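One structure is given below, encoded as structure tokens.
Because the structure is predicted, anything quoted here is derived from the model rather than measured. Start at 1 and go down the list; that is how both ligands and their atoms are numbered. Residues take their numbers from the sequence shown, with the count starting at 1.
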Amino acid sequence: MVTETALATDVLVRTRTVGRMRVHALETGLVRLDGGAMFGVVPKPLWEKRIPADARNRIPLAMRCLLVETPDALVLVETGLGNKENEKFLDIYGVDNAPSDPRYPDRLQEAIAAAGFSVDDVSIVVDTHLHFDHAGGNTYRDGDGEIRLSFPNATYHVQRGEWEWAHRSNERTSASYLPHNFDPVMEAGRLELLEGDGEIIPGVSVYRTPGHCPHHQSVLLSSEGQTACFVADVMPTMAHLPLPWIMGYDVEPLVTLESKRALLRRAADERWLLVSTHDPFTPWGYVAHDGKQARLEEAA
Ligand SMILES: [Zn+2]
């Protein structure tokens, strides 16, 4: 039985290198989501062996972000959940992301300081998509109740299609999109809308991995022949490595299937370090592929 005391989220910052880049995995807290919804068509007797559920059938999920030191910029990939939600919301989703030091509004900003930087140093933010557990820390509520940009010197990046999708939400998708996480960024003129795959700065590029939402993107970091991929919700945990293990939350699960099939093939062939957003136990690792399926080769 795995206990929550063994969670990877207990370590605020982990640092390694990708070529000449230093990358810091920032543990910005936990969210707890329904285990059945997280594993879609997979029966509970299978998934609960991988991630045990609590009395409300919820499983603990990390909200891991990545801070990347490149020669050109300090880049932040994803921003966690932030500090703007009320008690009822925090209870429903089992959110645990309060900082241990009250000078910081949330654990993301505390982790950036622990990695040796200030929020003012971040010049590029990449949102893989705009769901509240991935883009909530784009903004924060200050002591006077005002909503402010968390990274005042940064340009934020998301796919144009995701921006439009977030503003065309329907009864199935609207609970995930909270406008105070992204509209203030646009109003401040700080949001750059991307049109498909491409490089943001040398060594940092995005590529579309649709399915969870139609314009979801993953982030690739490349330096001196080494590559890391911040996977995000195309494969939310390492338990989702088997191809049919796809979230019930996904709006296009068969599109996720193909995105994940292609991603895992390349990740094995090109030896990408995969960085997981939500895995509560394994922040990153390499995969091997036997021609049919991928498995975790090395939890780095
Ligand atoms: Zn997510």
Side-chain angles (χ1 to χ4, degrees), residues 7-9 25-40 42 47 50-51 53 57-66 76-82 84-85 89-90 92-97 106-108 125-139 156-159 161-163 165-166 169 172-178 181-182 206 208-219 229-241 245-253 255-257 259-260 263 274-284:
L7 294 176
T9 49
L26 309 179
E27 299 290 347
T28 77
L30 283 174
V31 61
R32 292 174 178 81
L33 298 179
D34 184 85
M38 280 302 294
F39 288 103
V42 178
W47 62 252
R50 304 300 309 273
I51 308 181
N57 205 46
R58 302 173 308 183
I59 61 171
L61 297 163
M63 293 182 288
R64 191 169 294 111
C65 304
L66 203 62
L76 177 64
V77 182
E78 294 205 342
T79 62
L81 190 136
K84 303 184 296 302
E85 309 315 327
F89 181 103
L90 300 181
I92 289 171
Y93 295 106
V95 176
D96 175 9
N97 75 339
D106 65 14
R107 211 175 295 169
L108 169 63
V125 174
V126 183
D127 290 329
T128 61
H129 59 305
L130 295 173
H131 286 172
F132 64 73
D133 53 329
H134 296 259
N138 284 351
T139 59
Y156 294 61
H157 298 73
V158 73
Q159 290 289 322
E162 172 65 0
W163 168 261
W165 180 257
S169 60
R172 168 82 196 286
T173 63
S174 62
S176 301
Y177 290 110
L178 308 179
N181 292 335
F182 41 81
V206 295
R208 284 160 303 166
T209 44
H212 179 62
C213 46
H215 302 274
H216 181 275
Q217 62 185 359
S218 300
V219 181
C229 177
F230 189 93
V231 176
D233 275 347
V234 61
M235 190 181 80
T237 76
M238 298 299 186
H240 291 80
L241 271 167
W245 291 47
I246 290 171
M247 284 190 276
Y249 295 112
D250 289 13
V251 295
E252 298 171 316
V255 177
T256 301
L257 178 72
S259 293
K260 188 162 71 163
L263 180 142
L274 297 183
V275 184
S276 176
T277 303
H278 287 307
D279 196 294
F281 309 117
T282 306
W284 36 32

- Query: From the Zn ion (ligand 1) out to just under 2.8 Å, does an N/O/S atom of His212 turn up?
  - Reply: no

- Task: Could you label the plane-to-plane angle of the Phe89 and Tyr93 rings as parallel, tilted or perpendicular, counting under 30° as parallel and over 60° as perpendicular?
- Result: tilted

- Would you check if the distance from the ring center of His278 to the ring center of His240 is below 6.0 Å? no

- Item | Pair Thr79, Asn138: side-chain N/O donor-acceptor within cut-off below 3.5 Å | yes

- Hey, are His216 and Asp233 close enough side-chain-wise for a donor-acceptor pair under 3.5 Å? no

- Query: Can an N, O or S atom be found in His131 less than 2.8 Å away from the Zn ion (ligand 1)?
  - Reply: no

- Message: Test of geometry: compute the angle OD2(Asp133)-the Zn ion (ligand 1)-NE2(His278) and round it to 10°.
- Response: 80°

- When you measure from the Zn ion (ligand 1) to each N, O or S atom of Asp233, which atom gives the shortest distance? OD2

